[in-house]
Amino acid sequence: QVQLVESGGGLVQPGQSLRLSCAASGRSISIYTMGWFREAPGKQRDFVANIAPSGTTYYAESVKGRFTISRDNAKNTVYLQMNSLKPEDTAVYYCKNLHFPSWGQGTQVTVSS
């Protein structure tokens, strides 16, 4: 079993930053690729970023240069640093162990003036 708990979301103004956390339990994340996804109202859940066990990262074009994914294997936690936030970044953000089907409950990010 893999449990994922996202946190760190909130309401911010355009241009501000947020840091999301994803605490994993049940299995060590150290050997797995971890990812962040987001789901805006009325839209499908989309890929945001992932990070391989080696630390190699990959980003959606829409967030490249603004978001940074990182991992702390000792804390079994994955992070998403989001800078220069835009209203179109508003969504529920989910993390995922890409090797297992389960999702966390997500954390709401709202970017609005």
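For the numbers below, each heavy atom of this structure counts, side chains included, while hydrogens, waters and symmetry mates do not.
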Worksheet item: Can you tell me if CZ on F100 sees more than 12 non-hydrogen neighbours from other groups inside 6.0 Å?
Response: yes
Worksheet item: Does NZ or CZ of R19 come closer than 6.0 Å to the centre of the six-membered ring of Y79, within 45° of the ring's axis?
Response: yes
Worksheet item: Taking side chain as C-beta onward, heavy atoms only, is L80 less than 4.5 Å from Y93?
Response: yes
Worksheet item: Would a hydrophobic clustering, with Ile, Leu, Val, Met, Phe, Trp and Tyr connected at side-chain separations under 4.5 Å, put Y58 with Y94?
Response: yes
Item to complete: Nearest 0.5 Å please: distance from the OG1 atom of T56 over to the CG atom of N50.
Response: 9.5 Å
Practice prompt. Would you kindly confirm whether I29 and V2 end up in one hydrophobic cluster when ILVMFWY residues are joined by side chain heavy atoms under 4.5 Å apart?
Written response: yes
Worksheet item: Between T90 and Q108, is any pair of side-chain heavy atoms under 4.5 Å apart?
Response: yes
Worksheet item: Would you say the side chain of T33 lies within less than 4.5 Å of the side chain of P53, judging by non-hydrogen atoms?
Response: yes
Worksheet item: What is the minimum heavy-atom distance between Q105 and V5, and which atoms define it?
Response: OE1-CA, 3.8 Å
Item to complete: Looking only at non-hydrogen atoms, find the nearest pair between S113 and P14 and report the distance.
Response: N-CD, 3.7 Å
Worksheet item: Do L4 and L98 share a hydrophobic cluster, counting only Ile, Leu, Val, Met, Phe, Trp and Tyr and linking them when any side-chain heavy atoms are less than 4.5 Å apart?
Response: no
Worksheet, complete the sentence: Rounding to 0.5 Å, atoms CZ (R45) and NZ (K96) come to a distance of 9.5 Å
Worksheet item: Under a 4.5 Å cut-off applied to non-hydrogen side-chain atoms, are E6 and L20 in contact?
Response: no
Fill in: Expected output: side-chain T107 to main-chain S7 donor-acceptor under 3.5 Å
no
Practice prompt. Indicate yes or no: at least one non-hydrogen side-chain atom of C95 is less than 4.5 angstrom from one of V78.
Written response: no
Worksheet item: Does a side-chain heavy-atom distance below 4.5 Å link R27 with N97?
Response: no
Discussion item. Tell me whether the count of non-hydrogen atoms from other residues, nucleotides or ligands lying under 6.0 Å of NZ in K43 goes above 12.
Written reply: no
Worksheet item: How are the rings of W103 and F37 set to each other: parallel, tilted or perpendicular (split at 30° and 60°)?
Response: perpendicular
Practice prompt. Check the pair S112, T110 against side chain to side chain donor-acceptor pair (under 3.5 Å), reporting the backbone distance first and the verdict last.
Written response: CA-CA 6 Å; S112 175; T110 303; over 6 Å; no
Discussion item. Are F47 and Y59 connected into the same hydrophobic cluster when the rule is that any two of I, L, V, M, F, W, Y join if their side-chain heavy atoms are below 4.5 Å apart?
Written reply: no
Worksheet item: Do T77 and D72 have side-chain N/O donor and acceptor atoms under 3.5 Å apart?
Response: no
Worksheet entry | Test item: side-chain donor near acceptor, Q3 and S25, under 3.5 Å | yes
Worksheet item: Step by step, would you call T57 with F67 a side-chain contact (heavy atoms from CB on, under 4.5 Å)?
Response: CA-CA 11 Å; T57 57; F67 290 11; over 6 Å; no
Item to complete: Indicate yes or no: at least one non-hydrogen side-chain atom of V48 is less than 4.5 angstrom from one of R38.
Response: yes
Fill in: Atom pair OG/CE of S17 and M82 - distance to nearest 0.5 Å
8.5 Å
Worksheet item: Are any of the side-chain heavy atoms of W36 and I69 separated by less than 4.5 Å?
Response: yes
